[in-house]
Amino acid sequence: MFKIDGDVPAGLNLHYTRALNLVRIIQEAISNSIKHSAPKNITIASSNENNRWKLIVKDDGKGFDFEAAKIAETGNGLTNMQSRAVDSGFIFTIESTLNKETVITVIA
């Protein structure tokens with residue numbers, strides 16, 4: 001099941017480059033979840049945190065060891081998400097628990 005909670009904060013304006021990076025980060029998070037995690041549920045939550053847009057992509061799949069994945073990564077997905085976040089000045093975190101869930105948070 002795919003679920004979306006919340007709305008875009010009123011009056012939010014992102015430069016097109018930052019907006020594109022945000023879209024690509026969320027797109028990659030969802031793609032990775034579908035490809036690698038075998039989740040039953042994926043949720044995107046949107047909220048306003050201290051006048052910044054907070055987006056969370058959470059799945060209930062098999063999770064992974066983030067540090068090991070960064071070292072052994074065969075693709076560029078995790079690295080690209082982090083690079084896009086840094087380039088745009090976003091706060092970006094990945095938390096994953098093996099055999100439980102993955103939570104990716106972006107604060108724009």
Side-chain angles (χ1 to χ4, degrees):
M1 178 166 81
F2 191 80
K3 183 177 180 184
I4 300 175
D5 289 325
D7 294 311
V8 176
L12 176 71
N13 289 310
L14 291 177
H15 184 272
Y16 70 89
T17 304
R18 293 181 78 222
L20 180 60
N21 280 338
L22 184 59
V23 167
R24 296 286 190 235
I25 291 167
I26 300 303
Q27 181 180 37
E28 184 68 30
I30 293 167
S31 177
N32 284 350
S33 179
I34 291 167
K35 283 189 222 176
H36 305 293
S37 187
K40 291 182 182 167
N41 300 288
I42 299 173
T43 302
I44 299 175
S46 172
S47 63
N48 186 340
E49 183 173 287
N50 299 320
N51 295 320
R52 294 184 76 178
W53 189 12
K54 181 178 184 178
L55 288 161
I56 298 173
V57 178
K58 180 178 180 178
D59 72 51
D60 61 358
K62 60 185 179 181
F64 65 100
D65 180 334
F66 179 58
E67 293 305 317
K70 284 195 309 187
I71 293 167
E73 186 173 14
T74 56
N76 295 316
L78 297 175
T79 302
N80 286 345
M81 285 192 291
Q82 287 183 309
S83 294
R84 290 178 192 279
V86 168
D87 289 347
S88 294
F90 301 151
I91 297 168
F92 177 78
T93 61
I94 297 176
E95 299 172 34
S96 189
T97 305
L98 205 53
N99 299 315
K100 187 175 179 189
E101 69 182 10
T102 299
V103 179
I104 295 174
T105 303
V106 182
I107 301 175

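In this chain, numbering begins with 1 at the start of the sequence shown.
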Between [X] and [Y], is there a shared hydrophobic cluster once you connect ILVMFWY residues whose side-chain heavy atoms come closer than 4.5 Å?
| X | Y | result |
| --- | --- | --- |
| Ile4 | Ile42 | yes |
| Met81 | Ile34 | yes |
| Ile56 | Met1 | no |
| Val8 | Leu14 | yes |

Any donor-acceptor N/O pair, Ser31 side chain to Gln27 backbone, under 3.5 Å:
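No, the answer is negative, given that no donor and acceptor are paired below the 3.5 Å cut-off.
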
Could you tell me if the side chain of [Y] sits less than 4.5 Å from the side chain of [X], heavy atoms only?
| X | Y | result |
| --- | --- | --- |
| Ile26 | Val57 | yes |
| Phe64 | Ile94 | yes |
| Asn48 | Leu12 | no |
| Asp59 | Asn32 | no |
| Ile104 | Glu28 | no |
| Ile30 | Ile44 | yes |
| Leu55 | Phe90 | no |

Any chance you could measure [X], atom [atom1], to [Y], atom [atom2], to the nearest 0.5 Å?
| X | Y | atom1 | atom2 | result |
| --- | --- | --- | --- | --- |
| Glu95 | Lys58 | CD | NZ | 10.0 Å |
| Trp53 | Asp7 | CH2 | CG | 10.0 Å |
| Leu22 | Ile107 | CG | CD1 | 11.5 Å |
| Ile91 | Glu49 | CD1 | CD | 7.5 Å |

Smallest separation among heavy atoms of [X] and [Y], with atom names:
| X | Y | answer |
| --- | --- | --- |
| Thr17 | Ser88 | O-OG, 4.4 Å |
| Lys40 | Asp60 | N-OD1, 2.8 Å |
| Lys62 | His36 | CE-O, 2.6 Å |
| Asn21 | Arg84 | OD1-NH1, 3.3 Å |
| Ser96 | Gly63 | OG-CA, 3.3 Å |
| Gly61 | Ser37 | CA-OG, 3.0 Å |

Other residues, nucleotides, ligands: >12 heavy atoms within 6.0 Å of Asp5 CG:
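Counting other residues, nucleotides and ligands, CG of Asp5 exceeds 12 neighbours.
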
